Amino acid sequence: MRNEIPYKIYLDENEMPKKWYNIRADMKNKPAPLLNPETLKPMTAKELEAVFCEELVQQELNDKDPYIDIPDEIQKFYKMYRPSPLVRAYCLEEKLQTPAKIYYKFEGNNTSGSHKLNSAIAQAYYAKKQGLKGVTTETGAGQWGTALSMACSYFDLDCKVYMVKVSYEQKPFRREVMRTYGASVTPSPSNSTQVGRKILKQHPNTSGSLGCAISEAVEVATTNEGYRYVLGSVLNQVLLHQSIIGLETKTAMDKFAIKPDVIIGCAGGGSNLGGLIAPFMGEKIKGNADYEFIAVEPASCPSFTRGKFAYDFCDTGMVCPLAKMYTLGSGFIPSSNHAGGLRYHGMSSTLSQLYNDGLMKAVAVEQTSVFEAAQKFARIEGILPAPESSHAIKAAIDEALKCKETGEEKTILFGLTGTGYFDMVAYQKFNDNEMSDYIPTDDDLKNGFDNIPKFPGNEF
Ligand SMILES: *Cc1c(COP(=O)(O)O)cnc(C)c1O
């Protein structure tokens, strides 16, 4: 019986999705629009086009069309590294002695090492189509910057990356990969922007944050002719591109009549989770099927589990629009958790709305337990996971162990977003027993909440 389902389920090329799925079209309560921080009115397409590429603005604002065509050029690029495998974790199931069936969708099979390439190639394509010279961005752990460098070199675009200082120092090889693909990489905060200089003045010893790097990248994009800013997570358009993950998964599972009971993903800004769950969530919203969705976040940066649902700035420098989301406050700088990609203070407004509507759950996990799960997974399933992805592994193992107690034969699906080859400083700390867990106190959080803008209608 067991072996009826292969270890890896691949799709044929002709089974790959030709359209992205836009979950917002099917949501009853739409995610709140981005607001202009000065007027507190919804951002217009024209305002957004000063910062973002035109066609991406259209996607950002589109909450009507459930399906959006994937341009041929992007489909071609996807075919170089997709479909990504859907793996049945037989070995892990056996080791855990669980009656649960565990599947993971593995997005680490490309040089950037994560799912970020799915959106990077789309964003670079639209920038090129618009005739731009280049794009600017921030990167935390480095995966997004790497993915964008690859995408930009494919389309011959200039790429300027602002990299959170702590990662720039901890991950010199990530930086070199980006430079190999032709990007320029600047540690953030830097002296090369106004906002960077201001932040450095206030916090001279800061190790940087994503919010801060975003402010710098936006400033450079808006002050240089022919440049726009692109973002690797959080935005609606990014969740749209990442729906390729969920669409492939759903097609693969349908082929073998597999129906997941629980779907788990790590949540930084929400793009991989939003992409993985999209088609399943669509069915749930329409009442066609039921699934349990679990977002997993670090206890050191608990946007969903301890944050406020309010309009807040997307960046530390407070230059970006306001987004309604679960947030810890744009001034919140988490302790140096090693899952750099999960250190963002906010969360996708789409996922925030779904969570607020009770359609999704969230859990927060501590990083030592995450690395225990990562080590176990590496030893049993062979893949060395990224620390971010390991949050999902930890929650999936916990679910499988619960099934062992209750005897339930649940089907668990989780997103394995990437590999951890550039995270060996973190693994080293773990191996040397030098890893600690810092959970922010209520007072720490209060400082962050105090920075959330106050205006009528933004009570939290
Ligand atoms: C960026 C990243 C994440 C978190 O980002 P989301 O937008 O929440 O998906 C998770 N895993 C990996 C490997 C990443 O690079």
Side-chain angles (χ1 to χ4, degrees), residues 84 104-120 123 137-150 161 163-164 167 171 174 177-178 210 213-214 230-246 263-278 293-298 301-304 314 323 325-326 334 337-352 354-355 360 362 365 370 374 377 383-395 414-423 426:
S84 72
Y104 58 90
K105 178 76 167 162
F106 180 47
E107 291 292 319
N109 264 341
N110 67 75
T111 296
S112 79
S114 82
H115 65 289
K116 299 255 173 26
L117 194 54
N118 301 333
S119 184
Q123 298 194 42
T137 199
E138 80 297 332
T139 195
Q143 288 95 318
W144 168 244
T146 311
L148 189 68
S149 311
M150 291 172 69
V161 179
M163 185 170 187
V164 177
S167 304
K171 302 183 177 183
R174 268 253 178 251
V177 177
M178 288 185 250
L210 267 184
I214 294 174
V230 294
L231 180 58
S233 182
V234 186
L235 295 176
N236 296 324
Q237 54 187 275
V238 185
L239 267 74
L240 174 72
H241 306 147
Q242 294 298 356
S243 68
I244 184 98
I245 304 173
I263 306 179
I264 299 170
C266 61
S271 74
N272 87 83
L273 177 64
L276 174 66
I277 68 175
F293 301 102
I294 306 177
V296 193
E297 59 186 14
C301 193
S303 334
F304 270 137
C314 298
M325 58 185 174
Y326 278 84
N337 182 290
H338 290 290
L342 305 183
R343 296 183 75 221
Y344 185 60
H345 68 272
M347 185 56 66
S348 138
S349 59
T350 301
L351 290 190
S352 292
L354 293 167
Y355 179 68
M360 192 174 80
V365 291
V370 166
F377 188 81
I383 295 172
L384 181 79
E388 292 87 353
S389 324
S390 306
H391 287 67
I393 298 175
K394 158 75 180 148
F414 73 92
L416 186 67
T417 50
T419 47
Y421 303 116
F422 291 103
D423 300 283

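Quick caveat, the model's predicted, so the values are computed rather than measured. First listed ligand is number 1; within each ligand, the first listed atom is number 1. The chain is numbered in sequence order, starting from 1.
Checked against side chain to side chain donor-acceptor pair (under 3.5 Å), Ser167 has no partners two or more places apart in sequence or in another chain. Among residues two or more places apart in sequence or in another chain, the ring pair (Phe, Tyr, Trp, His ring centres under 6.0 Å) test is passed with Phe414 by Tyr104. Phe304 meets the ring pair (Phe, Tyr, Trp, His ring centres under 6.0 Å) test with Tyr326, Tyr355; sequence neighbours excluded.
Side-chain contact, Asn272 with Glu388: no donor N or O sits under 3.5 Å from an acceptor N or O. For the residue pair Thr417 and Ser389, a side-chain donor N or O sits within less than 3.5 Å of a side-chain acceptor on the partner.
Looking only at distances, no side-chain donor or acceptor of Thr419 sits under 3.5 Å from a matching main-chain atom of Tyr421.
Within 4.0 Å of ligand 1, heavy atoms belong to protein residues Ser114, His115, Lys116, Gln143, Ser233, Cys266, Ala267, Gly268, Gly269, Gly270, Ser271, Asn272, Gly341, Leu342, Ala386, Glu388, Ser389, Thr417, Gly418.
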